[in-house]
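Accompanying notes for the structure given below.
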Amino acid sequence: MNFEIQLRLWYSENKRSLPWRKTKNPYNIWLSEVIMQQTRIAQGTKYYHHFISTYPTVKDLANAPLDAVLKSWEGLGYYSRARNLHLAANQIVTLFHGNFPKDYSTLLSIKGIGPYTAAAISSICFKEEIAVVDGNVYRVLSRIYGIETPINSSAGIKQFNQLAQKLIKGCPLPGDYNQAIMEYGALHCTPKNPKCNTCIFSSTCVAYNTNTVEKLPVKTKAKPVKDRFLSYLILFKDNKIAVEKRTHKDIWQGLFQFPLIETENGNATVLKGTKMAEPVKHLLSHQRLHITFWQIKHPEQLPKTTYHWVDVDMLQTLAFPIVLKRFIDANLLHL
DNA sequence: AAACCGGGGGC
DNA sequence: GCCCCAGGTTT
């Protein structure tokens, strides 16, 4: 029995019941795929439900204000996904009359839809024979075929895509196969402690038979994270609080924050204020943020004056980075 | 080709 | 502390 059929058979007996598996509506599938990019199912599922109920159609999403979409996305991370989601919804409404394109290459032209998501939508919703290559697929294929090419190198990306495309060729249900190989990676051929003793491919798996399962897939090291020191100014005037929107190309673009002073070493000695709460260390995948909060008594020393003054109650309707949302919930809601 | 972009969870 | 998670865009 060939690889593709074995996987689909396993999938039919072992797949999880996930909300987006109850439909082939491309809008639902698209939402689920974008939400789940670099995100665990357990974290993303509640966002999927929220988006489907808040924006039932692509037109609803397109017509919503970007700030509302970002608020819906609050806490999920990689906020460019939310900005692109909103952009894409408008693209689909204006360029395609609200109907999703059916083919891989047209899907690729939409903002935020890359090779993975285009393959997922076209195969699941429209039975196109395009293989998905996500983190699960890299892991499963690298082990079964014993491929040591780094998965985050150009050569590796090309090699795994070619292999995956060869394996899906002739598959009658490419959407099921794509989900099957990902599911196998998620449930069986896991990063740590894979279930090799009960694996349906153990007799032919190169990694298993050469005792290299734990070494695969190969991934070249990321560069070390950078430290950043952020001092947020908590400033009241007439019972309102100052906020600003992050607009530059940096982390958290489009989200709100309090007036910010960033320094090289954390010594924001220009501040004349009272430190609120203890310093917070907030970890991103590529940055280590050291955050302090200062209640400012004398606003005349502010670095600039283009802030928005909002009621404290208003804070809950704006999208903040999760570390600031936590500060708000803990310190500002009961004033 | 490499850098950049979040937050959470497993081990 | 390190790695990974239904990746994509920009430089």
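Every value quoted in this text rests on a predicted model; they were computed, and no experiment measured them. The figures here come from the full heavy-atom set of this structure, side chains too, leaving out hydrogens, waters and symmetry mates. All chains are named by letter (A, B, ...) in the order of the sequence lines, taking the proteins before the strands, and each is independently numbered beginning at 1.
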Considering only heavy atoms and no angle criterion, is a donor-acceptor pair shorter than 3.5 Å present between the side chain of [X] and the base of [N]?
X        : N     : value
A/Arg40  : C/dC4 : yes
A/Tyr116 : C/dG7 : no
A/Arg21  : C/dA6 : yes
A/Ser285 : B/dG6 : yes

[X] [atom1] to [N] [atom2], straight-line distance once rounded to whole Å:
X        : N      : atom1 : atom2 : answer
A/Tyr79  : C/dT9  : OH    : C1'   : 18 Å
A/Tyr48  : C/dC5  : OH    : C1'   : 19 Å
A/Trp20  : C/dA6  : CH2   : C1'   : 8 Å
A/Lys325 : B/dG6  : NZ    : P     : 18 Å
A/Leu284 : B/dG9  : CG    : P     : 16 Å
A/Arg81  : B/dG6  : CZ    : C1'   : 8 Å
A/His286 : C/dT11 : NE2   : P     : 15 Å
A/Asn193 : B/dG9  : CG    : C1'   : 15 Å

> Going by atom types only, do A/Ser72 and A/Tyr55 share a side-chain donor-acceptor pair under 3.5 Å?
Replying inline: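 Looking only at side-chain atoms, A/Tyr55 and A/Ser72 do form a donor-acceptor pair, the distance falling under 3.5 Å.
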If the [atom1] atom of [N] is compared with that of [M], how far apart are they to the nearest Å?
N     : M     : atom1 : result
B/dA3 : C/dA6 : P     : 25 Å
B/dG8 : C/dG8 : P     : 22 Å
B/dC5 : C/dC5 : C1'   : 15 Å

>> With nearest nucleotide decided by heavy atoms, which residue, A/Leu76 or A/Asn152, maps closer to the 5′ end of DNA chain B?
In response: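 Taking each residue's closest nucleotide, the earlier one in sequence belongs to A/Asn152.
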>> If you assign each of A/Val323 and A/Lys226 to its closest nucleotide in DNA chain B, which residue comes earlier from the 5' end?
In response: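 Taking each residue's closest nucleotide, the earlier one in sequence belongs to A/Lys226.
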Select base, sugar-phosphate, or nothing to describe what [X] touches, counting heavy atoms under 4.0 Å on all strands.
X        : answer
A/Thr117 : sugar-phosphate
A/Gly75  : sugar-phosphate
A/Gln287 : sugar-phosphate
A/Ser80  : nothing

> Between A/Lys249 and A/Gln38, which has a closest nucleotide on DNA chain C that is more 5'?
Replying inline: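 Whichever sits nearer the 5' end wins; that is A/Gln38.
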> Closer to the 5' end of DNA chain C via nearest nucleotide, is it A/Leu108 or A/Lys221?
Replying inline: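 Residue closer to the 5' terminus by nearest nucleotide: A/Lys221.
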> Does CG in A/Asn2 sit with more than 12 non-hydrogen atoms of other residues, nucleotides or ligands closer than 6.0 Å?
Replying inline: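 For A/Asn2, atom CG is crowded (more than 12 foreign heavy atoms under 6.0 Å).
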>> Less than 4.0 angstrom from a charged side-chain N to a carboxylate O is my criterion; do A/Arg16 and A/Glu183 meet it?
In response: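 Salt bridge between A/Arg16 and A/Glu183, a charged N being under 4.0 Å from a carboxylate O: yes.
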> Would you call A/Lys325 and A/Asp329 a salt bridge, using N to O less than 4.0 angstrom?
Replying inline: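 Salt bridge between A/Lys325 and A/Asp329, a charged N being under 4.0 Å from a carboxylate O: yes.
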>> For B/dG6, give the paired nucleotide (Watson-Crick: N1-N3 plus N6-O4 or O6-N4; G-U: N1-O2 and O6-N3; both under 3.5 Å), or none.
In response: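 Across all strands, not a single nucleotide pairs with B/dG6.
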>> Looking at A/Arg139, I'd like to know whether one of its side-chain N or O atoms comes within less than 4.0 Å of OP1 or OP2 on C/dC5.
In response: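 True: A/Arg139 side-chain N/O within range (under 4.0 Å) of C/dC5 OP1/OP2.
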> At their closest point, which heavy atom of A/Gln287 faces which heavy atom of A/Ile251, and how far apart are they?
Replying inline: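 Minimum heavy-atom contact is NE2-CG2, 3.7 Å.
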>> To check you understand the geometry: which heavy-atom pair defines the closest contact between A/Ala89 and A/Trp30, and what is its length?
In response: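 Nearest pair, atom of A/Ala89 first, then A/Trp30: N-CH2, 4.1 Å.
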